[in-house]
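Take a look at the structure set out below.
To find a chain, count down the sequence lines: A is the first, B the second, and so on, and within it residues start at 1. These numbers come from the heavy atoms of this one structure, side chains and all, not from hydrogens, waters or symmetry mates.
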2 protein chains.
Amino acid sequence: MQLAAHRHEPDYSPRQNAVLDSALRLLVDGGEKALTTAGVARAANCSKESLYKWFGDRDGLLSAMIGFQASKVRTFDDDARALTAATLHDHLVVFARDLLEVLSGDVSLALNRLAIGQASRDGSKLGSMLQERGRRQIGKRAGALLEAGRKASLLVFDDRDEAYDTLYGLVVSDLHLRMLLGEDSARITKDFGRRAERAVSAFLRLYGREKNSAKP
Amino acid sequence: MQLAAHRHEPDYSPRQNAVLDSALRLLVDGGEKALTTAGVARAANCSKESLYKWFGDRDGLLSAMIGFQASKVRTFDDDARALTAATLHDHLVVFARDLLEVLSGDVSLALNRLAIGQASRDGSKLGSMLQERGRRQIGKRAGALLEAGRKASLLVFDDRDEAYDTLYGLVVSDLHLRMLLGEDSARITKDFGRRAERAVSAFLRLYGREKNSAKP
DNA sequence: TGCGAACCGTACCGTACGGTACTGTCAATG
DNA sequence: CATTGACAGTACCGTACGGTACGGTTCGCA
């Protein structure tokens, strides 16, 4: 019995985590089509029977994979004390870069494709899982940052979610979708740094308390 | 031999268009899993043999479906002559609303899910097709509008694509992805009008030639 | 009237996948 | 040593799907 009491999501044994890791790798470089139960068993050197004992059925395996991956990408809280205009700007840029890095990651893209593929069927809480574990988590980090900025009288907004939505749109735009559609990642040029700067600059022009309207 | 000479995409007979229509309907309310060749044949009252004769194989059918749908959503050019600050604002809002409407459409969502699902496999030009036929087309409309705004000294920007990217992000943010993931559309509340207003207001504050910085 | 093309409906084939059952092996426990 | 449980490996089953083949029907046309 572990310390984390309020966790109703089941945690898995090291062996099972290794299996989930193999499954993720298989998904990443083979797509959903390659993610067969036999394939996972072969890649992980385990038996199909064990897979079904541990995860119930294929959907259970998929859920476990999402949960496992989410548990690895725990968003760290960058403490935002002693916030000045400059440090707020820097924190926001770091956040934007992190966001872009996460969204463009192999595993993230593969899991999003998987969840979207399952979204049409009934039930299939994969989408909401990804939503909850992914955007919600990273959104909390951004929310805290924005709130700190408001507390320090560096940002002005009424609705925090609205402000975050704007920030997200400025940073990501349709880049995520284009990557999900398989656009040649060479064209995404990966200059996330410049993109993050641009987005944060625009965001501060919208929500910043004047005077930080730097020319592009 | 039709008049449109420079079109290398094959057009299909009325009968075949009807079949594609049935296939789209089947896809919309059943997901990719329901889109089997037998299912399409049954829904369209045609034989599988005809399907294969007309479209080659399953992938050919999918491509044809995307092309067919794209041909129906031809983006109209709203003429942007005599542009004032007010009319530019209105044109932009209309554009934003149209964009949200298109992206949230049943068929659009289903096709995007389909293309994303296929994006992992090799080749599978579905993603780029959707990209080319969808965003590129509607992007041309926006680009023309932005260019007109600049010509009329109502907008200020160097890179038109960059400005469009900003506008797109402000309007859509991650709404598209959330819908693709199957988020309960009740939560999307569908107040596209308000969202469009907000986004355009922010966009004009960023790229407008001052004086139109209306308070929220 | 006869002929051929297009096409529907259906049967058929090979294969691949999800899920189950069985056998053998290893390790811990007493 | 005997027992028990966890697990790998594999064979197996039912089903569903992509793709093909074939008989029967309609329609245009000479």
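More than 12 heavy atoms of other residues, nucleotides or ligands shown are found within 6.0 angstrom of CG on Asp159(B).
Using a cutoff of 4.0 Å between basic side-chain nitrogens and carboxylate oxygens, Glu162(B) and Arg194(A) are scored as salt-bridged. The pair Arg160(A)-Asp165(A) fails the salt-bridge criterion, with no side-chain N (NZ, NE, NH1 or NH2) lying under 4.0 Å from an Asp/Glu carboxylate O.
The shortest heavy-atom contact between Ala41(A) and Ser47(A) is CB-C, 4.1 Å. Heavy atoms only, all atoms of each residue included: Gly117(A) and Ser120(A) are closest at O-OG, 3.6 Å.
Taking the 5' to 3' direction, DNA chain C first and last meets chain A under 4.0 angstrom from a heavy atom at dC17(C) to dC22(C).
Residue Gln69(B) forms a side-chain contact (heavy atoms from CB on, under 4.5 Å) with just one option from Asp21(B), Leu20(B), Leu111(B), Leu27(B), and that option is Leu111(B).
Between the OH atom of Tyr52(A) and the P atom of dG9(D) there is a distance of 17 Å, rounded to whole Å.
Contacts between residues 27-45 of chain B and DNA chain D, defined by a heavy-atom separation under 4.0 Å, are made by Thr36(B), Thr37(B).
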Legend entry - side chain to side chain contact (heavy atoms under 4.5 Å, CB included) evaluation trace for Gln16(A) with Phe68(A): CA-CA 10 Å; Gln16(A) 291 162 13; Phe68(A) 173 64; over 6 Å; no
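For the residue pair Gln118(B) and Glu32(B), a side-chain donor N or O sits within less than 3.5 Å of a side-chain acceptor on the partner.
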